[in-house]
Number of protein chains: 2
Amino acid sequence: MITLTERQSLILKAIVRDYTEGGNPVGSKSLVQELPMKVSSATIRNEMAHLEEIGLIVKTHLSSGRIPSIKGYRYYVDHILKPEKVDSQDLKVIQHSLGGEFHKIDEIVAQSADILSQLTSYTTFTLRPEVKNSRLSGFRLVPLGNHQVMAILVTNNGDVENQTFTIPNDLTGDELEPVVRFIDDQLIGLPLQDVLAKLQSEIPLKLSQYLQHPNGFLDIFGRVLSKAAAERFYVGGKLNLFDYTTKQDPQEMRSLYSLLDQTDHIADVIGPPGQQIQVRIGNEITNDLLKDYSLITATYDVDQHGQGMIALLGPTAMPYSRMIGLMGVFQQELARKLLEYYRYFDE
Amino acid sequence: MITLTERQSLILKAIVRDYTEGGNPVGSKSLVQELPMKVSSATIRNEMAHLEEIGLIVKTHLSSGRIPSIKGYRYYVDHILKPEKVDSQDLKVIQHSLGGEFHKIDEIVAQSADILSQLTSYTTFTLRPEVKNSRLSGFRLVPLGNHQVMAILVTNNGDVENQTFTIPNDLTGDELEPVVRFIDDQLIGLPLQDVLAKLQSEIPLKLSQYLQHPNGFLDIFGRVLSKAAAERFYVGGKLNLFDYTTKQDPQEMRSLYSLLDQTDHIADVIGPPGQQIQVRIGNEITNDLLKDYSLITATYDVDQHGQGMIALLGPTAMPYSRMIGLMGVFQQELARKLLEYYRYFDE
DNA sequence: TTTTAGCACTTAACTTAATGGAGTGCTAAT
DNA sequence: ATTAGCACTCCATTAAGTTAAGTGCTAAAA
C-alpha cells in the first residue's frame, strides 16, 4: 500500500496536470514555480526521485523530466482527483440536445454518444439498457405486394425492429396468417431470450403444423428477433481519434480505426455493466491496440428497464477530473431521459 | 494536340508502369534495360527531355529520375492504355458474391462497393439506379400499439422505406385511415418527384378535409418520402485509405476521412451519371482534398429503371489498365444482377 | 535530519559538414 | 540521329559538434 506525504501528493498532482495540459515531461524547476510551498528545486528533485522509486512517475530518458506512469495515473485517479463540477455551458448543451423529441431509444442513445464526444473531443461508446429484460409484445407480417413482406417485431420497451423479405412464389401472404396468430398466442409476453431459446427447440416442431416448409419463415423470424435482442454500441467521435492518437504508423491507425467499427469487439473491451464509474488506464484495458489509451466507463440505471453503459476513450494523458464529472452528469441525464421515454409507453 | 513517336510512347508507358509499381522516380538507365529497342541511355535521356518539355513527365528535383505528371497520366490513359482483361479468379469472386439472394436493391449496391474495394484495395462508391424514375406504389400506416405507428412506403421498383413514429395522445390510428386511403387514391402511380412537389402545394389543403392538424402526418409522410427519393452512395473500403494515402498529417487524414462520411459531398465530387467510364486524375477532381488522388467513375444502365454509378478512388499512381478492366466488368455484372432483381418484381 | 547550492553528467534535438550514389544535361565524336 | 564521356546537382545517410533542459550526487547550511 502506497502512502504519500502531502507534499509528494501535490507534486504528483502537479506533474499529472502539467503533462496533461502541455504534453511535455515536467522538470523540477517548473514545478518549483507553481507549487505553493517554498522549497528549492533540489528538494523537489529528491521527492521526485522517491516518486520514481515507488513507480508513480518515469523518465523518458536518463536526464529528462518526468511523466506519470500508468501506476501514477492510477494513484492520481484513485486518491487525488476530485471530479470537476460540470461547466454550466456544457450542462446546457447536454440538456438541450437530450431535450428534444425522440422516436426511438436508439436515437437517444446514439445522440448521447455524439454529444459526449463533441464535448470531450474524444471517442465515445454508448450501450442502450440491456435488452435481456425485454419481452416480445407484438409481431406482424405486412404484405407489400410483389413477393415482398415486411416483418415487424415490437417489444414491451417500445423497441421496433423490422426487415423486408422476398418470399417465394409458392407462398402467399395469406398462408402466413395462422403462423402469426400462433406466435401471438404462444410467444407474446415472453422475454426475447426465451423466445430465442424456443426457436432452437420447440417452435420448429409446432410450426410444421401450419407450414409445409417452415424454414423460410423461421429464418425471417429469427433474424428480426436477433436484431431486437442484439446489444449494439453506438460510437461517437470516431474522427476525433485522428486528433488524440499517438500513433503515426498508418497501419496501426488502420487497425485502431477498424476496431471502432467492430461493435462486438467493443463490447468485449468495455465489458458488462458494473461499477458506477470505472477508469482503466493503458494496459489495464484488455486489448493490446488500446494499451496507450485510457477508457472511462460508466453504468447507468433505468430502474426495471435494466442498465446501460457509457464509455469514453481518450489518451492516457487526459483531464480525468473533468471527464469523470461529465460522465457523472451523462449517467444521470441519460437515465432521466430514458425513464421519461419509457414512461410514455407504460401509460 | 500532342503526338508522340512510337518510341516516346513506349518510354512514357514504361515510366508510368515502373513508377506505379515501384513508387520511385524512373531514370534513363533502368529504362534502357527493359525497353525493347536497343539504344543507349543518352538517347533515352534525349527523349525524356522532350517528354518533359511537353509536360508529360516531371522531375522531383533537378537531377532526379522522372515521374508522370497529371498530363502524363492523362495522355497514358487516353492514348496508350488498354483495359486489362479481368483475372478469371477475380471474375469468379465478383460473380460469386453477386450470385446470392438479396432482399433489397441497396444490399446489392452496397455489396458491390465492398467487393470492388476488396479486389482493388482502394475506396469505392456505388450509387443505385436513379430514383427519379421511381413511382409510388404503396403507402401503409401500421399501428404498433402504445402510441407508435410505422409508416411504410413502397415504390414500383420494389424499394421499401419505413420509419417509426410516436403519435400524440389525441390521435388514434383509426383516424389516420381515411388519410391513407386518400394517398392511395390520389398519389399511387405518380413519380416520387411529383409527389414531393405536391407535398409542397396541393396536398396540405386537401388533407385538411380529413385531419384537423395535418402537419404531424405531413411530417411523417414527407420524411419517408424523402428517404425513398434520396440518392445514397455506398462507400466501400474506407479503411483502405490508410494504405494508399500519401498524407501523414493527421489533420489532413481527418478531413479526408470525414469527406467519405458525407455522402452528399461525394455526390458533388462524382457527379451525375454520364460517360461510360471516366478517369479523373489529380486536380481534375473538383475537390481540393482529393487533388492528389485519382477517381474512376462508371455509369451502368438498367434499362427503363435508370442509370447508376460506380466509382473508385485511389492514388494517382494506380494500375489504371487493371482498374478500368475491373470497372467494366462491374458495370456489366451489376446491371445484370439488378435487371434480374427487377424482373422478379415485374412479373 | 532536512534542505539547499553547486556541479558534473546525460540525453534529445538541432545544426553543420562530409561522402556516395543516382541521375541529368551538354558537348563532341561517331 | 546516336552515343560516350564528363561535369554537375541533389538527396540520403552518416558523423561530429553544440545547446538546452534536466538529473543525481556531494557537501555545506539550516
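These figures come from a predicted structure and were not determined experimentally. Quick note on labels: first sequence line is chain A, next is B, and so on, each numbered from 1. Note that these values count all heavy atoms, side chains included, but never hydrogens, waters or copies made by symmetry.
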Using a strict cut-off of less than 4.0 Å between a Lys/Arg side-chain nitrogen and an Asp/Glu carboxylate oxygen, indicate whether [X] and [Y] qualify as a salt bridge.
| X | Y | result |
| --- | --- | --- |
| A:Asp249 | A:Arg254 | no |
| A:Glu284 | A:Lys291 | no |
| A:Lys92 | A:Asp87 | no |
| B:Asp90 | B:Arg322 | yes |
| B:Lys238 | B:Asp261 | yes |

Report the nucleotide, chosen from C:dT11, D:dC10, D:dT23, that has the shortest atom-to-atom distance to any side-chain atom of A:His61. C:dT11
Whole angstrom value for the distance that separates [atom2] of [N] from [atom1] of [X]:
| X | N | atom1 | atom2 | answer |
| --- | --- | --- | --- | --- |
| A:Ile11 | C:dT3 | CD1 | P | 10 Å |
| A:Gln8 | C:dT2 | CD | P | 12 Å |
| B:Asn24 | C:dG21 | CG | P | 17 Å |
| A:His50 | D:dT23 | NE2 | C1' | 18 Å |
| A:Glu52 | D:dG22 | CD | C1' | 12 Å |
| B:Leu51 | C:dG23 | CG | C1' | 16 Å |
| A:Arg7 | C:dT3 | CZ | C1' | 8 Å |
| A:Lys29 | C:dT4 | NZ | P | 15 Å |

Distance only, no hydrogens: is a donor on one side chain within 3.5 Å (strictly under) of an acceptor on the other, for A:Tyr320 and A:Ser294? yes
So, [X] side chain and [Y] main chain: donor-acceptor pair closer than 3.5 Å or not?
| X | Y | answer |
| --- | --- | --- |
| B:Arg280 | B:Ile270 | yes |
| A:Ser321 | A:Leu81 | no |
| B:Gln8 | B:Thr5 | yes |

Would you mind reporting whether A:Tyr122 and A:Pro315 have side-chain heavy atoms less than 4.5 Å apart? yes
Heavy atoms within less than 4.0 Å of DNA chain D: which residues of residues 64-73 of chain A have one? Give them sorted by number. A:Ser64, A:Gly65, A:Arg66
What are the residues of residues 33-47 of chain A, sorted by number, that bring a heavy atom to within less than 4.0 Å of DNA chain D? A:Arg45
Just N and O in the side chain of B:Lys59: are any of them under 4.0 Å from OP1 or OP2 of D:dC10? no
Contacts under 3.5 Å, N or O only, protein and nucleotides 17-20 of chain D:
none

Counting any heavy atom closer than 4.0 Å, what does A:Thr60 reach on the DNA or RNA strands: base, sugar-phosphate only, or nothing? nothing
Of A:Ile11, A:Leu12, A:Val26, which meets side chain to side chain contact (heavy atoms under 4.5 Å, CB included) against A:Ile57? A:Leu12
